[in-house]
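Reviewing the structure listed below.
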Protein chains: 2
Amino acid sequence: MLLETASRPAEPSFETYSGASSAGRARETHSLEQLLQNWPLQRRRVHAKQHVFRAGQPRHALYLVHAGFFKTALISEDGREKITGFRMRGDLLGLDSLDMPTYTCDAIALDTGELWELPYAQLRDEMPQFQERITALLAGEIRRDWGWMLALGTLGADQRVVTFLFDLASRLERLGFSPSHLQLRMTRAELGNFLSLTLETVTRVLSRLQARGLIAVAGREIRIQNRAGLQTVLRENTACH
Amino acid sequence: MLLETASRPAEPSFETYSGASSAGRARETHSLEQLLQNWPLQRRRVHAKQHVFRAGQPRHALYLVHAGFFKTALISEDGREKITGFRMRGDLLGLDSLDMPTYTCDAIALDTGELWELPYAQLRDEMPQFQERITALLAGEIRRDWGWMLALGTLGADQRVVTFLFDLASRLERLGFSPSHLQLRMTRAELGNFLSLTLETVTRVLSRLQARGLIAVAGREIRIQNRAGLQTVLRENTACH
DNA sequence: CGTCACCTTGACGATGATCAAATTGTGTGG
DNA sequence: CCACACAATTTGATCATCGTCAAGGTGACG
């Protein structure tokens, strides 16, 4: 697989990509969520379309996604927008501005969700493994970004979409969800923005993949029906390069 | 300016983007190079086309570029290659694999150069400001990557090239070089790879900009002749989005 | 002086963007 | 609960940008 995710919480649930359920089998003991389980953290509920923070606002915390689905996005002075990633349980919001006085991107909820507010300075000083985790998460974000730069720079439209589906599936699987039944939380436009495609192209690719029997599309609900077939798509010749 | 550089050493020189010269006016006291000035570091000389490390090799150090010009690149299993960045004095090589047992990208010298080998664990434990610097450099790399994702995803060919020229100019200026006289150290193919363009398109854009009197191109030597004019190019409508 | 890598320029074509229009889905107020 | 407005999705037709292929030029180095 091309891309990786930095975090791997447990405790699956459904309908909101959260973790309210019970039958959680916690395997990876070093996730941030595990570390912080009985730390007195400020929690914050957000609902869809709400900004967690905006670029330029004073940075006062790092947020750990505990439930819900988020996007982070840059907006340039001249209005161009770019979604830099979709964040789910176990991911952090605000990592990119750790060394800055203000946030450097927007973080927006696509869903109802819950965030844990991490007091960075305090945790760094009082919890020995914390700094190490943060370093790993930062480096992991760089690797993930580079992976996407590779994908977006060298793959055609179909292959980008398939790469995205595989990435999402694997992240969901780590959270304990089915890797073949994907409930998208973003619009076609947002997906296209992230993949550097237009929303029409995203739609067309999905229709094309459905026509080939590789996936089943029903709005934002996507079922992966032929994983091997999708991997074949990735091998098909790219126009670029 | 769209992009930033995490490091800002002093002591300009010429002909190799290094720092052998003397008349250095050290302003920013918190650069890594400053911090490490009289630390007993292993130094390593490299020459053009030599690999500093390759993806998969055991990671044994972090490298601080002291002189020369480098590229870092990813290569996917199926042979697609992507240059993730060009690195010069004050930049670090290997940041992305800080938490890994092996390197996750290739680092290749485009020039003769000198690297300082940083023993990460030791410095982290013995030098108080070190960890903080590393965190800042990691976060800065993320911001830079996101900036390029925005540029590559939303700008046309001409604008990408101009953005690159401005970025390079500003980095060179911080090192004490002229921001209008650029000596490229990479081929058109490498530049195109980084910008997700073909080498022909890069050539064509440079020719076009020269024809408009905005720059003067002589092989890898580029002179910026009309900075304001180039900024105008950035305002010209992009096809994409 | 010849070879090789790199660069430049041209002609052509394909991928994906743009524009347009119709359909479906969603939330809100009556 | 329905009707309405609006957001999101789908599909089609057309076109521009940039990739591909080809050929010639330039420069470096043995």
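First the proteins, then the strands, lettered A, B, ... as listed; each starts at 1.
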Describe, in one word, how the ring planes of Y63(B) and F53(B) are oriented to each other, choosing from parallel (under 30°), tilted (30 to 60°) and perpendicular (over 60°).
-> parallel
dT8(C), dT10(D), dC18(D): which one has an atom nearest the side-chain heavy atoms of S207(B)?
-> dT8(C)
Under 3.5 Å between N/O atoms: give me all the protein pairs with nucleotides 21-30 of chain D, atom names plus distance.
unit_1: dC21(D); atom_1: N4; unit_2: E200(B); atom_2: OE2; d: 3.1

Aromatic ring pairing F69(B)/F86(B), orientation class (parallel under 30°, perpendicular over 60°, tilted between) = parallel
Are any protein N/O atoms closer than 3.5 Å to N/O atoms in nucleotides 4-9 of chain D? If there are, list each pair with its distance.
unit_1: dT9(D); atom_1: OP1; unit_2: R220(A); atom_2: NE; d: 3.1
unit_1: dT9(D); atom_1: OP2; unit_2: R188(A); atom_2: N; d: 2.8

L214(A): which of N226(A), T232(A), L165(A) passes side-chain contact (heavy atoms from CB on, under 4.5 Å) = N226(A)
Starting at CH2 of W146(B), measure out to OG1 of T104(A) and round the result to the nearest 0.5 Å.
-> 6.5 Å
Taking only Lys NZ, Arg NE, NH1 and NH2, and the carboxylate oxygens of Asp or Glu, determine whether R212(B) and E236(B) approach each other closer than 4.0 Å.
-> yes
May I have the step-by-step check of side-chain contact (heavy atoms from CB on, under 4.5 Å) for L110(A) and E190(A), ending in yes or no?
-> CA-CA 10 Å; L110(A) 299 177; E190(A) 288 166 329; 3.6 Å; yes
Considering residues at least two apart in sequence or located in another chain, which fulfil the salt bridge (charged side-chain N to carboxylate O under 4.0 Å, His left out) criterion with R223(B)?
-> E221(B)
Determine, for F194(A) and R160(A), whether the Lys NZ or Arg CZ falls below 6.0 Å from the six-membered ring centre while staying within 45 degrees of the axis.
-> no
Would one find a side-chain N or O of T201(B) under 4.0 angstrom from OP1 or OP2 of dC18(D)?
-> no
